[in-house]
There are 4 protein chains.
Amino acid sequence: MTKDNLLDAIIEQTKTSKKPTEKQQKIAETAIKMFADKGYANTSTSEIAKAAGVAEGTIFRHYGTKDNLLLSVIIPFLKEALPGMAGKVFKEVLTEDTVHFEDFLRRIIKNRMEFILENQEIFRIIVKELLYSEELRKEFLPYFSTNVMRRVAHAIELFKSRGEIKDLPTDALLKMLMITFGGFLVTNFVLSPSHNTLDIEQETENLVRFVMDGIRN
Amino acid sequence: MTKDNLLDAIIEQTKTSKKPTEKQQKIAETAIKMFADKGYANTSTSEIAKAAGVAEGTIFRHYGTKDNLLLSVIIPFLKEALPGMAGKVFKEVLTEDTVHFEDFLRRIIKNRMEFILENQEIFRIIVKELLYSEELRKEFLPYFSTNVMRRVAHAIELFKSRGEIKDLPTDALLKMLMITFGGFLVTNFVLSPSHNTLDIEQETENLVRFVMDGIRN
Amino acid sequence: MTKDNLLDAIIEQTKTSKKPTEKQQKIAETAIKMFADKGYANTSTSEIAKAAGVAEGTIFRHYGTKDNLLLSVIIPFLKEALPGMAGKVFKEVLTEDTVHFEDFLRRIIKNRMEFILENQEIFRIIVKELLYSEELRKEFLPYFSTNVMRRVAHAIELFKSRGEIKDLPTDALLKMLMITFGGFLVTNFVLSPSHNTLDIEQETENLVRFVMDGIRN
Amino acid sequence: MTKDNLLDAIIEQTKTSKKPTEKQQKIAETAIKMFADKGYANTSTSEIAKAAGVAEGTIFRHYGTKDNLLLSVIIPFLKEALPGMAGKVFKEVLTEDTVHFEDFLRRIIKNRMEFILENQEIFRIIVKELLYSEELRKEFLPYFSTNVMRRVAHAIELFKSRGEIKDLPTDALLKMLMITFGGFLVTNFVLSPSHNTLDIEQETENLVRFVMDGIRN
DNA sequence: TATGAATGAGAATTCATTCAT
DNA sequence: CATGAATGAATTCTCATTCAT
């Protein structure tokens, strides 16, 4: 129970902007780097402690559990990443009917890419652990489904009704969009090592055109 | 050296069809299931032994190392999966100039999906470990690059010259194809739990049309 | 690297007199006794832990490796045993030309016997492992050769030039001295169980006379 | 019980010259080499089996136990080595009163050195294991004491009475002789790697002179 | 709050030994 | 006689977690 309380406390901390200790900060930063690099299972708390210049006990004083440390790092990201998408971009689109789907897509892709570019390491952790841990998957995917997929589905239907995109089942369209964007993100941020030299502008453009018109001449 | 010899012996075994013991068989099967499920790092040899109804020592008598057990399971798959693609489908296409790119795509996708459907669990292991282990990635990706990507690139150029697909840089086209097909496979076989009720015919069709023409109306 | 660091840390500890934990102390003591008794290979870390009243993990927290534990026990002894010989006794002899070889011999033998009497167990460990482990032998013997043998050879030559000992090849004389003193130490401290009732005075005298004049009437 | 019977059977076999199987022979030879090289504790039966070109089970079929294999190799050597000394040389000396102690010593040393030169590996095994295993030591040393030491003591007394050697306590003389010869053998056959290029004639001469007259000029 | 020594439950691996064929 | 697959106890080592200071 202490563990859950601790986690809650940390989540709370994020919201209420109660300052985390300097050490706590350092632990989180270090953990992120190491988890992203070697994966959660292959990173020991003692390594983290050493790299963070902190006693091993300190990690547990703050996070209670290694699992908790992982979640403490992941959750704030998700809390921002998923809704973050909605807040700004979606609302505009739902109202403005001058915006074309292509522009909508372009905006979202660029927006999320920039966000992930700034949080590459956490993104890598999430992708890796999502694939690795059935448990995490079971917790995350439904959440993702309701928070993201539904919104996108909604948008798709809107644009379908406007006649901008093909009149295929929303499910099928949604799936293609998610696969393409997901594959794109994973390829660029997890598989390929060229994290810095990424021309977002160009990559976005290629992706949008591909999604809109395919490759047929 | 014993370790490598053991691995070589196992690879050899695959080729020469020297019968593996009943227990050895059971160990491999069980390991595949468990690795696919929980990931390599989260599966202990003692769990595998218990689940396979075998003494833990027996695993090591046959595979020498846990790593080895993983490789023994992965390598035969890769040996078949990667070249398997080339042999049949590619050659036909390079000669027949009646085949359209769409058909080429359809054939390859269906063919590989069927193969992976039959080897779902190993595919899941490979995807997971590829993302998880830098080491595996460094060994596998270049191999994949030379064996698969180059062939596909070749095909793309062929069809570009025939005017069937857009005259974009081969790299860009290749990337989109790989992302889409990869994302598709991962979504269907790794992320989603509905492994059995997959309508290959229909899924393939959706994918091909999406890749060819995008979603614009 | 952690392993070596740990070993270095322990060596360091010896010099800088940074207090080892009480448990660490106990582990070392217990290990010395057991290694001396049953040999390194026949003593398991779990036995040591049990005998030391410590959790097995504690051994590894402090010493990292079983090998390391052995070295941590041996090295400080060697660091003192080998140079220890030289510092005091040798220097005097090289200057004073009143000292006879017989006295020189007597002093060294007595001095080293007393030292070993106080460190019997470590001496037993070293002798056993030296014979048992090719590896240790290869590391230690050359070191012994340069640090001890050379000095003794030097002294032998000095006394030969003074006409006190036979004009035989230094090598041959050296070999006889080493064999006799070595055999003497091993017999008294390793083979025979009467470790306590040893009359150093008398034994030294016998040995010196034997070496000087042999057994002929 | 089967184990002991097996050991007895093997001892018996040696005497009654019942042919050991070809495989059995190979196992013994290989074991001798490997025990001499790496020590008993560091040599696994599976290694022996592999090196001997034999199935692991075969070792146990013949020797029942790894311990047994060791003994089967050691005992025949001891049975010959220890009494072997007595039979020829001692008897002559006890009768002939023309023989000087120096010649007696020379003969024994040369005789035993030749024997050990031919059985180097077993000698190395015995020395190593004698130091390593309290158990072996407790069995062997008393046996050695009654069979060898007593005879030598007897001879010493004889020569003392003839006035050829110093009138010191037999114990003390005996000890010096054993230490010197033992140290000599261990140095030449166990510690030093130059097993082949040993000038027995010369080494014997050096040793005898040293023992007789010491190093004083 | 922070420390770091101590823990003990497992983890991978080794190996002598057994036994059915 | 010989084989070699199978065993399971023992071994070294790792690591998240606790707790006294």
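Because the structure is a prediction, the values reported are computed rather than measured. Below, read A as the first sequence line, B as the second, and so on, with proteins coming before strands; counting in each chain starts at 1.
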- Task: Measure the distance from OH on Tyr63(D) to P on dC1(F) and round it to the nearest whole Å.
- Result: 12 Å
- Item | Atom pair distance, as rounded to whole Å: CZ in Phe60(A) and C1' in dT1(E) | 17 Å
- Mind checking whether Ile48(D) and Phe35(D) have side chains closer than 4.5 Å, heavy atoms only? yes
- Message: Using side-chain heavy atoms (C-beta onward) and a distance below 4.5 Å, is Asp37(A) in contact with Arg124(A)?
- Response: yes
- Message: Rounded to whole Å, please give me the gap between CD in Gln25(A) and P in dT1(E).
- Response: 14 Å
- Tell me, which pairs form a salt bridge (charged side-chain N to carboxylate O under 4.0 Å, His left out) where one or both residues lie in residues 39-66 of chain B, sequence neighbours left out? Lys38(B)-Glu47(B)
- Give a yes or no on whether Glu29(A) atom CD has more than 12 heavy-atom contacts from other residues, nucleotides or ligands under 6.0 Å away. yes
- Taking CG from Leu70(A) and P from dT17(F), how many angstroms apart are they, rounded to a whole number? 12 Å
- Can you check whether Asp67(C) reaches Tyr40(C) side chain to side chain, under 4.5 Å on heavy atoms? yes
- Taking all non-hydrogen atoms of both residues into account, name the closest pair between Leu78(A) and Ile126(A) and its distance. CD2-CD1, 3.7 Å
- Task: Could you tell me the separation between the CG atom of Asn42(A) and the P atom of dT14(F), rounded to a whole number of Å?
- Result: 14 Å
- Message: So Phe123(D) and Val127(D), do their side chains get closer than 4.5 Å, heavy atoms only?
- Response: yes
- Heavy-atom side-chain proximity of Ile125(D) to Phe77(D) below 4.5 angstrom: no
- Message: Each nucleotide in nucleotides 4-11 of chain F should get exactly one letter: B, S or -. Can you fill that in based on protein heavy atoms under 4.0 Å?
- Response: BBBBB--S
- To the nearest angstrom, how far is Asp67(A) atom CG from dC15(F) atom P? 16 Å
- Task: Answer yes or no: is there a side-chain heavy-atom contact under 4.5 Å between Tyr132(B) and Glu129(A)?
- Result: yes
- With pairs defined as Watson-Crick or G-U wobble and both distances under 3.5 angstrom, please note down DNA chain E as a dot-bracket string, | for pairing with another strand. .||||||||||||||||||||
- Rounded to whole Å, CD1 of Ile27(A) lies from P of dT17(F) at a distance of 14 Å
- For Ala55(D), which residues count as a side-chain contact (heavy atoms from CB on, under 4.5 Å) partner, sequence neighbours excluded? Thr58(D)
- Message: Give the residues of residues 31-41 of chain B touching DNA chain E, defined as any heavy atom closer than 4.0 Å, sorted by residue number.
- Response: none
- Lys138(C) meets the salt bridge (charged side-chain N to carboxylate O under 4.0 Å, His left out) criterion, sequence neighbours left out, with Glu134(C)
- In whole Å, what is the span from the NZ atom of Lys50(C) to the P atom of dT7(E)? 14 Å
